[in-house]
Amino acid sequence: MKPVSSNEPAICVEGLDAGYADKVIFDRLSFQVERGELFVILGGSGCGKSTLLRLLIGLKSPSAGRILINGVDITTADEMAMNGVRTGIGVLFQSGALFGSMTLAENVALPLKEYTNLSPDAIERVVAMKLAMVSLAGHENHYPSELSGGMVKRAGLARAMALDPSILFFDEPSAGLDPITAAELDQLIKDLNRGLGTTVVVVTHDLESIMTIADRVIMLDGKKKGIIAEGDPRELKMHSQDPLVQSFFNREPLKTVL
Amino acid sequence: MEDHGIPVISLSGEKGGDILLSLSGRLTLENLEMVDRELRSQLAGLAPASLTVDLAGVDYLDSAGALVLVLLEKGDGSSRTIPQRFVNVTPQAERIIALLNRLDLNSQHLKSVEHFSIFEYAGEATFYIIRGFRHIMTFFGELLVAPFHAVRHPRLVRWDAVFVQMKRVGVDGLPIVGLISMLVGVVMAFMSALQLKQFGADIYVASLVGVAIVKELGPMMTAIIVAGRSGSAFAAEIGTMMINQEVDALVTMGLNPVRYLAFPKVLAAILVVPLLTMYSFIFGIGGGMLVGVLGLDLTVFTYVQQTLKAISTFEVVSSLFKSAVFAALIAGIGCQRGFQARGGAEAVGSMATSAVVSAIFLVIVADSAFAIVLHYISN
Ligand SMILES: Nc1ncnc2c1ncn2[C@@H]1O[C@H](COP(=O)(O)OP(=O)(O)OP(=O)(O)O)[C@@H](O)[C@H]1O
Ligand SMILES: [Mg+2]
């Protein structure tokens with residue numbers, strides 16, 4: 001892994017245009033994520049949060065603009081450079097996306113086997129450590145279908161962390177979890193961010209978790225095709241004048257429908 | 001339903017002026033259409049300037065009944081809206097009407113992927129085919145590069161996956177390939193024996209069955225069985241992984257999905273399908289022999305000897321090579337269809353179907369090409 005200099009931003013998005021077919025989702029979107037920050041992307045349904053995440057992890061290419069991850073422009077990078085970027089990031093997908101045909105241990109070991117020359121013994125010890133970090137010690141030989149939703153997500157997190165990435169991405173980590181499990185996952189994310197200094201980017205609707213974990217948020221809006229608010233969530237809640245931001249943070253409907 | 005529930009409509013007022021519409025009875029979903037039709041036909045001739053709706057006699061109103069009333073403002077078919085006033089409304093009915101008034105009842109339908117214009121449909125279909133073709137080309141391009149990558153980094157090839165797939169495609173397919181080949185051999189021998197017996201040429205049953213099984217039927221039957229068993233399984237497996245974001249997860253881990261998922265399957269198929277084909281030769285010829293020995297009084301020895309006389313080593317080798325090509329096509333198109341799956345469970349099903357259909361089509365096209373090429377080579 002390429003050593004990352006500590007002063008350059010972890011992620012830098014400049015003048016990003018993107019969309020589907022003839023539908024524009026982002027028009028000249030720009031923002032930065034500082035190193036070590038816990039950064040949250042929020043916004044209403046359909047505003048393009050998942051799309052932005054797919055752009056950031058290189059699963060979708062923009063029609064214009066630059067995306068720098070650890071200083072590498074992923075919109076122009078070749079396969080070699082792209083692989084370098086990919087070993088430096090980890091992604092927890094909304095569904096966990098564990099490989100159903102492999103046990104938890106095999107899932108977590110996969111990136112280790114592909115990218116390191118560790119002996120099977122060493123890999124086994126690292127896997128046990130990662131699973132213990134997400135409180136799944138001892139579940140090595142279970143298959144994903146034998147676990148609950150919350151456990152699958154934590155296992156997905158263990159796999160995403162396997163190579164100690166410098167940036168972790170989360171797609172709606174608390175979706176579909178009960179409040180206690182969601183809070184535990186939030187705590188885990190926060191601990192990883194503080195303990196390992198990992199930069200964390202989270203897409204979420206969950207107001208609770210935004211308020212407890214986020215250092216900084218951006219709020220997207222589908223109509224503006226970009227950012228309508230940026231900053232500390234607690235400050236935004238107190239001081240923002242924007243009615244959309246206010247209604248989001250105060251959990252009020254924007255217009256009364258019923 | 002009780003008699004008094006049937007709604008009664010009465011209209012009064014001047015043509016072109018304010019019309020008083022009095023309703024009574026139950027206005028519900030069941031009589032939605034009747035009331036709507038009735039109201040419209042009665043109002044059509046009156047061209048009301050405004051409408052006063054008296055609900056005094058209404059016993060019960062549900063949201064469908066309210067909808068009929070609310071939509072009356074567009075009542076006479078022209079584009080103007082008729083101002084409406086409701087009188088003698090119960091609080092409950094008032095809430096329902098107020099709820100409907102706030103909904104966007106006349107919004108335009110958003111465009112989806114479904115189109116109804118034939119031109120749009122044809123254009124869309126063309127693009128779909130072009131995109132599909134491009135997808136196939138890039139997929140097979142990547143697949144062709146995979147062996148070179150494998151030679152340079154043999155450690156990165158997933159040999160364990162290759163072995164698992166060899167077992168699934170090959171070993172697990174043995175019973176059905178054996179059974180079908182044997183039955184085909186039996187049927188062929190039986191049918192040809194009926195004819196050849198008339199000329200006392202019984203012994204040529206062995207040649208006929210041998211040549212047909214080795215040159216055409218063995219590779220073809222095996223390929224079709226493999227397409228049905230394994231081609232669809234590959235498509236379904238990879239398709240499900242697409243939909244569960246597992247392929248996305250692979251990509252973000254920097255693993256090439258074609259190299260990681262498709263290559264081991266294609267390699268396993270290429271290694272094991274020729275063996276299956278050989279097995280099918282043995283059972284096909286064995287089936288023929290069964291008929292020859294039991295029905296035609298040939299000895300096992302003469303039958304085998306006659307069969308060996310009829311087929312050449314070149315034919316066996318070229319057939320095995322042909323079946324390796326079939327294997328590559330079946331496994332390749334199976335995986336490619338899997339990667340094309342988008343959306344939900346339905347897409348996985350249709351891609352599995354498409355994998356089998358495309359594979360059989362490709363196998364037959366390739367077989368014709370082989371027939372022509374081999375004809376010129378062997379002459
Ligand atoms: N594959 C696709 N093809 C076409 N349009 C799409 C596709 N995926 C998403 N969209 C559109 O892009 C817009 C943004 O979608 P996206 O999934 O990014 O929203 P989101 O902010 O994640 O919403 P949610 O919070 O509900 O998950 C939506 O309006 C959606 O209709
Ligand atoms: Mg989303």
Between [X] and [Y], which heavy-atom pair has the shortest distance, and what is it?
X	Y	answer
A:Phe99	B:Ala249	CZ-CB, 4.5 Å
B:Asn244	A:Ser95	O-OG, 3.5 Å
B:Glu246	A:Gly100	OE1-N, 3.6 Å
B:Tyr260	A:Met102	OH-CE, 3.7 Å

Nearest-0.5 Å distance, NZ of residue A:Lys113 to CZ of residue B:Arg158
9.5 Å
When you look at [atom1] of [X], are more than 12 heavy atoms from neighbouring residues, nucleotides or ligands closer to it than 6.0 Å?
X	atom1	answer
A:Glu124	CD	no
A:Met129	CE	yes
A:Tyr20	OH	yes

For B:Met241, is it the side chain, the backbone, both or neither that has a heavy atom under 4.5 Å from a heavy atom of chain A?
side chain
Beyond-backbone contact of B:Thr252 with A:Phe169, side-chain heavy atoms, under 4.5 angstrom:
no
Side-chain contact test, heavy atoms from C-beta onward, threshold under 4.5 Å: evaluate it for A:Arg86 versus B:Leu255 and give yes or no.
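They are not in side-chain contact.
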Looking at A:Glu79 and B:Arg259, is any side-chain nitrogen of the basic one under 4.0 Å from a carboxylate oxygen of the acidic one?
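A salt bridge links B:Arg259 with A:Glu79.
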Which atoms of A:Leu92 approach chain B - backbone, side chain, both or neither, heavy atom under 4.5 Å
neither
Member of A:Leu59, A:Ile57, A:Val91 meeting the side-chain contact (heavy atoms from CB on, under 4.5 Å) criterion with B:Asp248:
A:Leu59
